[in-house]
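As structure tokens, the structure follows; a few thoughts come after it.
When a ligand or atom number is given, it counts from 1 through the structure's own listing order.
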Amino acid sequence: MTPRPWRPTRRAFLASSVAATLAAACSGGDDSAGPAPDTTTSSTQAPADTTPTPTPSAEPIPGTTPEPLEPVDLPGDPFTLGVASGDPTSTSVILWTRLAPTPLDGGGMPDENLDVTWEVALDVSFVGLVASGRTPAIPGLAHSVHVDATGLAADTWYFYRFRIGEWTSPVGRCRTLPAVGATVESLRFGFSSCQNYEHGFYAAHANLALEDLDLFVWLGDYIYEAAPGRDPIQIPGGAARSHTAGECFTLADYRNRYALYKTDPNLQASHAARPWIVTWDDHEVVNDYAGPFGPDGATGAVFDERRAAGYLAWYEHMPVRLDPPDGVGWDIHRTIDWGDLASLFMLDGRQYRDDQPTDGDRVSIPGFGDALPITTIGPTAMDPDHSMLGADQEAWLLDGLRAAGPRWKVLANQVMMHGATLPLGDEPVVVNDTWDGYFANRRRILETIAADGVDDVVVLTGDFHSATVGDVKPDPFDAASPVVATEFMASSITSRFPLGENVGLIAPLLTASNPQIRFFDARKGYCTCEVTPDSWTTTYRAIADATVPDQQAETLSTWRVVAGTPGAQPI
Ligand code: FE
Ligand code: CA
């Protein structure tokens with residue numbers, strides 16, 4: 001591997017311009033975090049510059065040098081991993097940071113509990129605090145904190161920061177949800193997944209930080225667990241940058257891996273810009289694991305310990321409204337309601353799934369041999385009880401969909417649901433880690449949704465390192481099967497599509513044999529969504545080359561779903 005040269009000055013300049021734009025956008029001329037609270041009508045958004053053009057005249061956010069608190073003996077600035085917010089309610093939001101003066105080597109904190117001060121304000125100078133407090137950062141959770149900042153107004157933007165001793169964290173911007181059940185006319189949010197550090201730089205996050213969005217939804221593969229240069233998908237010419245330690249197995253390994261990713265200033269800016277709502281996929285533990293089944297299907301105490309380490313480290317680094325895990329068997333599926341406009345179902349398609357089928361015929365792929373999980377559809381995939389979500393989560397989802405009423409029902413989902421046969425032979429072959437490997441289970445879920453009259457279902461997906469628009473059907477490969485939902489699959493932030501990003505050849509072959517796939521593009525990026533009671537509009541944003549640090553995102557395509565009519569149309 002030959003790492004490309006690092007360009008810290010340019011990246012720092014981008015990140016600081018993000019911070020400055022954030023401050024300028026949020027100040028609105030009066031230093032307030034956004035318009036006055038409005039809990040009964042449309043959602044409110046702070047004005048923001050949606051043109052992600054870095055400007056060299058960036059100024060730091062003002063008002064961030066308060067009087068020092070009582071001295072604390074630390075080896076350096078503990079706020080190396082930035083700040084984050086997440087899982088808002090209409091009255092509160094989770095605020096996250098982790099104290100880590102030496103982030104890549106265990107954090108460098110003393111082995112004791114230390115109090116962190118947190119502050120929430122409407123103004124970026126933090127003159128008028130609306131909430132504040134102290135919370136202990138403890139060694140057992142890697143000195144991470146998850147503050148539930150309560151007593152906030154609905155549908156309102158705030159600034160937040162943390163302090164300890166002489167140090168003050170970067171400033172983040174967060175917001176609450178509209179009031180429960182409020183009539184809401186608009187939601188703007190983004191989503192993406194898959195940010196393999198070795199596959200590129202986080203230019204997509206720099207662009208995301210400047211988008212005008214209420215929320216960001218993360219669909220998994222926040223980290224990749226592999227040793228340097230050992231990801232199954234390789235970059236021609238070598239990695240863009242390198243993992244700094246071996247494959248993750250222990251809690252210490254996973255903590256250092258999260259810390260490596262989180263030291264990236266563009267990822268920090270993307271977190272600081274708005275609340276994230278996160279779920280996970282496989283690489284937060286290991287490639288293609290399935291519940292208790294680890295690599296090669298092995299089960300047992302050793303893999304359970306590895307999984308528990310991955311789960312705890314994920315908790316320690318994510319702004320989630322959850323209690324810490326105690327081993328495996330830790331429910332993270334949950335819902336977020338945006339007034340009466342949308343219900344977001346955060347799914348966990350990893351922890352409770354049955355193992356990928358092994359009774360289909362395996363297919364070799366040029367350059368990969370039989371290393372990819374691509375097979376014909378065998379008897380296991382056609383068993384409706386061969387489950388992706390597990391029985392309990394599937395029942396929870398179906399009950400929630402039936403109870404959600406007329407609003408948009410959004411499935412924040414890991415792996416491709418619209419299905420894809422790959423043009424590799426006479427018989428259909430599929431990626432059996434996707435819902436195609438759980439073919440009859442998917443059919444049962446979608447037929448139940450259709451039979452129960454659940455409409456306006458939108459599926460958000462990551463994992464595939466490429467973007468699609470898809471018609472979601474109980475049987476994807478039967479032209480007569482009805483469209484019951486619409487799927488928007490975002491590309492990845494950096495992670496490479498196995499067959500490369502030049503899809504001039506692949507896209508026509510894929511869409512010709514899969515009429516349910518309406519759009520395909522493997523360039524790196526994210527989706528933004530504008531949701532109203534009448535329509536859902538998804539815009540595909542991409543950068544040209546993730547191995548180049550600074551890239552301005554461009555719009556590839558825009559698609560719209562009209563309420564009451566599943567299936568998207570290009571606009
Ligand atoms: Fe991935
Ligand atoms: Ca994945």
Side-chain angles (χ1 to χ4, degrees), residues 191-202 204-205 217-227 229-235 239-241 243 247-248 254 257-258 260-261 264 267 278-291 293-295 306-307 310-311 314 318 332 346-353 355-356 368 371-374 388-389 411-418 420 430-438 459-468 487-501 521-527 542-543 546-547:
F191 70 96
S192 193
S193 72
C194 295
Q195 53 184 8
N196 192 317
Y197 190 84
E198 299 200 322
H199 288 190
F201 300 92
Y202 294 157
H205 277 305
V217 175
W218 182 259
L219 298 174
D221 288 359
Y222 192 98
I223 59 161
Y224 284 71
E225 80 288 356
R230 298 302 300 272
D231 189 83
I233 303 170
Q234 294 288 307
I235 296 268
R241 49 185 179 173
H243 285 157
E247 181 170 348
C248 298
Y254 286 108
R257 186 58 54 87
Y258 276 100
L260 172 66
Y261 281 54
D264 186 289
L267 176 57
V278 302
T279 185
W280 59 29
D281 194 25
D282 52 339
H283 286 284
E284 284 85 351
V285 177
V286 63
N287 182 40
D288 282 354
Y289 90 93
F293 302 95
R306 183 180 188 183
R307 217 158 40 110
Y311 290 3
W314 181 84
M318 294 296 118
I332 67 163
M346 301 300 298
L347 301 181
D348 175 0
R350 271 305 150 188
Q351 185 178 190
Y352 301 113
R353 70 156 79 187
D355 202 8
Q356 291 90 351
F368 289 90
L372 297 178
I374 294 176
M388 175 70 82
L389 300 174
L411 274 52
N413 160 66
Q414 282 73 29
V415 292
M416 181 199 294
M417 188 178 278
H418 59 60
V430 298
V431 180
N432 68 12
D433 185 61
T434 74
W435 281 92
D436 283 337
Y438 303 75
V459 181
L460 311 179
T461 302
D463 176 64
F464 215 64
H465 303 181
S466 53
T468 64
E487 182 168 7
F488 297 112
M489 191 161 77
S491 187
S492 48
I493 295 291
T494 55
S495 302
R496 186 171 170 79
F497 188 62
L499 303 179
E501 265 76 70
D521 198 295
R523 278 172 281 181
K524 306 299 91 177
Y526 54 90
C527 290
I543 54 174
T547 66

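- Side-chain contact, Thr494 with Asn196: no donor N or O sits under 3.5 Å from an acceptor N or O.
- The nearest N/O/S atom of Asp282 to the Ca ion (ligand 2) is OD1.
- Counting only N and O atoms by type, the side chains of Asp463 and Gln414 include no donor and acceptor under 3.5 Å apart.
- Using bins of under 30°, 30° to 60° and over 60° for the plane-to-plane angle, the ring pair His465/Tyr224 lands in the perpendicular bin.
- Between Asp281 atom OD2 and Asp221 atom OD2, the angle centred on the Ca ion (ligand 2) amounts to 120° (nearest 10°).
- Looking at Glu284, Glu247, Glu225 one by one, the single match for salt bridge (Lys or Arg N to Asp or Glu O under 4.0 Å) with Arg306 turns out to be Glu247.
- The Fe ion (ligand 1) has Cys194 SG, Asp221 OD2, Tyr224 OH, His465 NE2 as protein N, O or S atoms under 2.8 Å away.
- Inspection of the Asp264 and Tyr261 side chains reveals no N or O donor paired with an N or O acceptor under 3.5 Å.
- Residue contact annotation: Asp433 places no N/O/S atom under 3.0 Å from the Ca ion (ligand 2).
- Nearest N/O/S atom of Asp463 relative to the Ca ion (ligand 2): this is OD1.
- Between atom CD1 of residue Ile223 and atom NE2 of residue His283 there is a gap of 10.0 Å, rounded to the nearest 0.5 Å.
- The Ca ion (ligand 2) lies at 3.0 Å or more from every N, O or S atom belonging to Asp288.
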### Query
Passes salt bridge (Lys or Arg N to Asp or Glu O under 4.0 Å), Arg353 versus Asp282? Steps please.
CA-CA 11 Å; Arg353 70 156 79 187; Asp282 52 339; over 6 Å; no

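- Every residue was checked against the salt bridge (charged side-chain N to carboxylate O under 4.0 Å, His left out) condition with Asp288, not counting sequence neighbours, and none meets it.
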